[in-house]
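To start, the structure under review is shown below, and the notes come after it.
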Amino acid sequence: MTESDNPSRPADGNQIAYDGSQIQILEARESIRRRPGMYIGSIGERGLHQLVYEVVGYAVDEHVAGHADAIDVTITADGGMRVADNGRGLPVEPEESTGRSAVELVLTELSFGSGPRSRHHVSGGLSGLGMCVVNALSDRLSVEVRRDGFRWTQEYERGVALAPLTRHEATTGHGTTIVFRPDAGIFETTRYSFATLTERLRELAFLNAGLAVSLTDERPERPVRFRHEDGLRKFVTHLNPYPVAPAKWVYEHGPRRSENGDPAPARPRGSSRAEVHVPRPVPGVDRTVRGVGRREFPPHAA
């Protein structure tokens with residue numbers, strides 16, 4: 001290799017020092033804004049909608065933990081997003097090591113996402129870190145928390161808090177509302193698709209029985225609301241375009257048992273299935289539709 005091929009030596013022959021001065025330590029906000037694709041997949045429509053999914057994911061986890069039953073999602077008139085839930089509300093107390101409110105840490109620090117005991121790691125996404133990413137990639141974000149008998153608010157600009165968390169009037173309500181507007185200087189487009197959001201939110205309502213999810217477009221388009229008590233069963237019915245006779249449903253969740261009530265032979269660990277048995281032949285439809293909600297893992301090593 002010649003000197004000209006050596007990346008550590010410039011064309012004039014002077015050696016570039018490779019030492020501690022060459023190492024950059026990026027703050028969470030700077031790291032996210034410099035390489036957003038590492039966190040949300042892209043800066044196109046996919047990444048744009050992922051911002052919404054991260055905030056909604058927090059609210060879904062509140063439902064899974066048993067503390068929320070409604071999520072209201074709104075595309076605001078200026079093209080931003082508003083996500084409100086009736087969960088417990090983000091924690092507002094100061095964190096001991098920094099003195100900053102827990103709300104601010106969740107929205108600004110990657111290291112203050114959901115821990116393993118928080119239950120905020122169920123619905124997917126960035127496991128609690130997504131709120132920080134959404135804040136960093138928004139030109140404006142405001143948070144309202146209804147918790148501990150008061151209403152609390154804080155505003156941010158491109159991930160930087162404009163003022164400390166502020167306590168307002170007393171309230172008996174509870175929950176969190178996040179309003180944000182994606183940064184047009186980062187994303188290729190900042191226009192949200194009502195159809196894309198509708199499809200995703202409908203699926204969340206199917207997969208979380210009893211959770212009411214509403215979507216409103218103030219640009220404007222018609223509002224929609226999803227709620228399915230039957231959950232996965234209703235999802236399969238929605239996916240099946242063919243009319244069928246009343247079906248026999250078999251949804252296995254937990255220990256399997258035979259017809260006489262005795263425990264059935266166990267499946268490989270980590271497998272589950274949901275089946276719909278169609279009682280008579282239907283053109284274009286197999287008698288047994290398998291694989292809905294199915295997840296298979298390789299057998300554990302002996």
Side-chain angles (χ1 to χ4, degrees), residues 5-11 16-61 73 75-76 78-83 90 95 97-98 100-116 118 120-143 154-162 176 178-193 196-197 199-201 204:
D5 296 326
N6 190 341
S8 65
R9 186 183 298 274
I16 298 177
Y18 180 61
D19 54 26
S21 64
Q22 302 298 310
I23 305 300
Q24 287 184 305
I25 301 176
L26 301 179
E27 297 290 337
R29 169 185 170 277
E30 184 181 357
S31 174
I32 296 168
R33 290 181 64 83
R34 180 174 294 190
R35 296 182 178 86
M38 291 178 58
Y39 299 90
I40 57 172
S42 79
I43 56 174
E45 289 188 8
R46 175 186 171 191
L48 180 72
H49 289 81
Q50 186 64 34
L51 298 184
V52 182
Y53 305 154
E54 293 297 339
V55 181
V56 171
Y58 167 83
V60 171
D61 283 339
V73 182
I75 307 175
T76 60
D78 64 354
M81 295 297 307
R82 179 169 60 248
V83 180
L90 284 166
E95 198 275 329
S97 63
T98 63
R100 297 158 63 191
S101 69
V103 171
E104 184 173 342
L105 292 175
V106 168
L107 289 170
T108 59
E109 299 293 339
L110 287 173
S111 57
F112 280 87
S114 298
S118 68
H120 278 272
H121 57 280
V122 178
S123 67
L126 296 174
S127 300
L129 305 182
M131 304 279 268
C132 172
V133 174
V134 172
N135 192 16
L137 299 180
S138 301
D139 61 8
R140 297 281 296 191
L141 181 144
S142 63
V143 56
Q154 192 171 27
E155 293 190 358
Y156 298 82
E157 184 173 317
R158 292 181 173 86
V160 178
L162 300 180
T176 302
I178 300 285
V179 182
F180 66 92
R181 187 174 60 193
D183 193 337
I186 292 179
F187 290 94
E188 297 171 353
T189 177
T190 57
R191 180 167 180 80
Y192 282 103
S193 166
T196 298
L197 292 173
E199 181 178 357
R200 179 60 174 263
L201 296 178
L204 287 175

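Without hydrogens or angle criteria, R181 side chain to G79 main chain gives no donor-acceptor distance under 3.5 Å. A donor-acceptor distance shorter than 3.5 angstrom exists from the side chain of S42 to the backbone of G47, with no hydrogens or angles considered. A side-chain donor-acceptor contact under 3.5 Å links Y192 to the backbone of L48. Not one N or O on the side chain of T190 forms a donor-acceptor pair closer than 3.5 Å with the backbone of P182. Side chain of R29 to backbone of R158: a donor-acceptor contact under 3.5 angstrom is found.
Distance check: I178 CD1 to Y58 OH gives 8.5 Å after rounding to the nearest 0.5 Å. Atom CE of M131 and atom OG1 of T108 lie 11.5 Å apart (nearest 0.5 Å).
In plain terms, the two heavy atoms of I40 and V133 that are nearest each other are CG2-CG1, 3.7 Å. Between H49 and S193 the shortest heavy-atom distance is NE2-N, 3.0 Å. The two residues M81 and L197 come nearest to each other via the heavy atoms CE-CD1, 4.1 Å. Summarising the geometry of G130 relative to E54, their closest heavy-atom pair is CA-OE1, 3.5 Å, with the distance given to 0.1 Å. Across Y53 and T196, no two heavy atoms sit closer than the pair OH-CG2, 3.5 Å.
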Checklist entry - Does the side chain to side chain contact (heavy atoms under 4.5 Å, CB included) test come out yes or no for L137 and F187, once each step is laid out? => result CA-CA 9 Å; L137 299 180; F187 290 94; 4.1 Å; yes
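The side-chain heavy atoms of L201 and V52, taken from C-beta on, include no pair separated by under 4.5 Å.
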